[in-house]
Number of protein chains: 4
Amino acid sequence: MVCPALTRCFNVFYGLPMIDHDSPVPVYRQLVDILRGQIERGELAPDRPIPSVAQLVGTYGIARGTAVKAVQVLVRDGLAYTVTGKGTYVRRREATSET
Amino acid sequence: MVCPALTRCFNVFYGLPMIDHDSPVPVYRQLVDILRGQIERGELAPDRPIPSVAQLVGTYGIARGTAVKAVQVLVRDGLAYTVTGKGTYVRRREATSET
Amino acid sequence: MVCPALTRCFNVFYGLPMIDHDSPVPVYRQLVDILRGQIERGELAPDRPIPSVAQLVGTYGIARGTAVKAVQVLVRDGLAYTVTGKGTYVRRREATSET
Amino acid sequence: MVCPALTRCFNVFYGLPMIDHDSPVPVYRQLVDILRGQIERGELAPDRPIPSVAQLVGTYGIARGTAVKAVQVLVRDGLAYTVTGKGTYVRRREATSET
DNA sequence: GTGGTCTAGACCACA
DNA sequence: GTGGTCTAGACCACA
C-alpha cells in the first residue's frame, strides 16, 4: 500500500467514518458508534491499540475533550481498556456470551 | 474535483505540507511556514478556523509543545486570533498593506 | 480573623456585594461596580483570578449573559485579562496612573 | 435560620464540604463524594433537587464542566435523575436492596 | 509519546 | 432558569 493518508482518505471518501456536526446525535456519540463498528467488524483487533486521542482529533477534526469522552465511553462499556501511559486497546471478547 | 477531503489527501500524498524531522529548520518553524503558506494561498480563509493544537499534533505527528509554539507564532505575527470557546481563526488581512 | 471563607460570608451577610434587581441600574452594571470595587480595594489582587462567569451566576443568582457582559466590560476597560485554559485575572495596575 | 449563605459558610468553616485542589483525588470525584454523602445522610431528600450546576460552581469555586461531570456520575450511578429543563433530583431509594 | 483532568466560555434545547 | 455538548488550551502522571 502506498500511503496510509491516502488510504484513510478513500475511507473518508466512501463515506464510512464521517462526523456530522449538524446531526442531533452528539459528536462524541457518533465517534463511539464509528469505533464500536470498527471493533465489531474486527477492523480494530483484540489487544491492538485503537487510534490515540491525538489521532482521533486529527482524523475527525474534533476537540480533544470530545475524543477523550468517546474513548472513555468505550472503556466504560467494556469494549476497550486503557494502559496508563501507553494507550487504549481493544478488549478481547469474552467467549461466554449467553448465546 | 469531486471531494475536498480527497483533494487534501492528494496534497498530503504529493508531499506539500510535510514535516522533515531531519531538517536543520526547527519543526515548529516548518509548521509555521506550512500554515502561513496555507493562509497566504487562501486554503485557510479569513475568519475561518485554523487546525487546533491537538489536531496539528495528530496530523503532523509532532509534540504538543511544538504545535503550541507554532500557533503562538501565528498569533504573535498577527496572522491568526483566538476566540475563547470558539477556536483560532485566520485574521483578515488589512487592506492597508504597504504594497 | 481565622477563616477567609467566613469573612467573605459575613460580607455577603452584611449586604456589601448584593445585586438589587429592582434598581434602575442594569444588573450587569451593578456587577461591574461590585467587581471593580473588589479590585480597587485589593480584595481581588493583581494577577489573581476573578470569579468565572459560571461562578458569578451561582453567587449572585443572575443570568449567564449578564455575567458574561460584566466580565467583558472589565476586560474591555483593562481591569482584567483572560488566559485560555487558565482563567481570568486581575490586571496589574500600570504605575503610570495620572495621579 | 437567618441567612442561607451564612449557614453554608459555617458548614464550610467546620470543614465538611470542601474541595482540595491539591489532592490526588480529582475534583469531580471529591464533589461526587460530597453529594453522595449528603444524599445518604438525607440532607438531600428523595425527589428533592440537588444543587444546580451553577450553584455547585458558585459554592465550590470549580469549573462548570467539572460540576456537570460530577452530577452525571451521580445520575449514572443511579443516585439522581435529571428532568430536562428543570433540574436534577435525588432518586428515591429502591426498597428492594438485596440485604 | 499516552490518557486524564482542569480552566475558560459559547451555543443549544427545553421549560 | 436547567443540564448537555462543544470549542480552545494548560498541566499532570506515567512510560
Side-chain angles (χ1 to χ4, degrees), chain A residues 19 21 24-30 49-57 61-72 75 80-89, chain B residues 49-55 57-58 61-68 71-72 75 81-89, chain C residues 49-55 57-58 61-68 71-72 75 81-89, chain D residues 19 21 24-30 49-57 61-72 75 80-89:
Chain A
I19 297 290
H21 280 86
V25 179
V27 170
Y28 82 91
R29 264 276 143 220
Q30 295 182 47
I50 68 171
S52 73
V53 166
Q55 282 173 326
L56 293 171
V57 167
I62 58 181
R64 194 165 174 275
T66 305
V68 167
K69 201 168 179 177
V71 170
Q72 285 174 338
V75 170
Y81 61 94
T82 294
V83 180
T84 309
K86 299 283 290 183
T88 301
Y89 300 83
Chain B
I50 68 169
S52 69
V53 164
Q55 220 171 331
V57 166
I62 58 183
R64 192 126 60 206
T66 306
V68 168
V71 171
Q72 284 172 340
V75 171
Y81 61 94
T82 296
V83 180
T84 309
K86 300 282 292 185
T88 298
Y89 298 84
Chain C
I50 68 169
S52 69
V53 164
Q55 221 170 332
V57 166
I62 58 182
R64 193 127 59 207
T66 306
V68 168
V71 171
Q72 283 172 341
V75 171
Y81 61 95
T82 296
V83 180
T84 309
K86 300 282 290 187
T88 297
Y89 298 85
Chain D
I19 297 290
H21 280 86
V25 179
V27 171
Y28 83 92
R29 237 13 272 182
Q30 294 182 47
I50 68 171
S52 71
V53 167
Q55 282 172 329
L56 293 171
V57 166
I62 58 181
R64 193 164 175 278
T66 306
V68 167
K69 201 168 177 177
V71 171
Q72 286 175 337
V75 171
Y81 61 94
T82 294
V83 179
T84 309
K86 300 281 292 183
T88 301
Y89 300 84

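Treat the numbers as computed from the prediction; the structure is a model and nothing was measured. Any value given below was found using the heavy atoms of this structure, including those in side chains, with hydrogens, waters and symmetry copies removed. Below, chain A is the first sequence line, B the second, and so on; all start at residue 1.
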Starting the side chain at C-beta, find the nucleotide from [options] nearest to [X].
{"X": "A63(B)", "options": "dC6(E), dG1(E), dT5(F)", "answer": "dG1(E)"}
{"X": "Q72(C)", "options": "dA10(E), dC6(F), dT7(E)", "answer": "dA10(E)"}
{"X": "I62(D)", "options": "dC6(F), dG9(F), dT7(E)", "answer": "dT7(E)"}
{"X": "S52(D)", "options": "dG4(F), dG9(F), dT2(F)", "answer": "dT2(F)"}
{"X": "H21(A)", "options": "dT5(F), dC6(E), dT7(F)", "answer": "dT7(F)"}
{"X": "A54(D)", "options": "dG9(E), dT2(F), dT7(E)", "answer": "dT2(F)"}

Nucleotide dG4(F), atom C1' - distance to CD of Q30(A) in whole Å: 15 Å

Between dC12(E) (C1') and K86(B) (NZ): distance, integer Å: 12 Å

Side-chain-base donor-acceptor pair under 3.5 Å for R29(D) and dG4(E): no

Distance-only donor-acceptor test, R64(A) side-chain atoms vs dT5(E) base atoms, 3.5 Å: yes

Sugar-phosphate, base or nothing in reach of V83(C), heavy atoms under 4.0 Å: nothing

Rounded distance (nearest 0.5 Å) linking atom OG1 of T66(D) with atom CD1 of I19(D):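 So the gap between those two atoms works out to 9.5 Å.
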
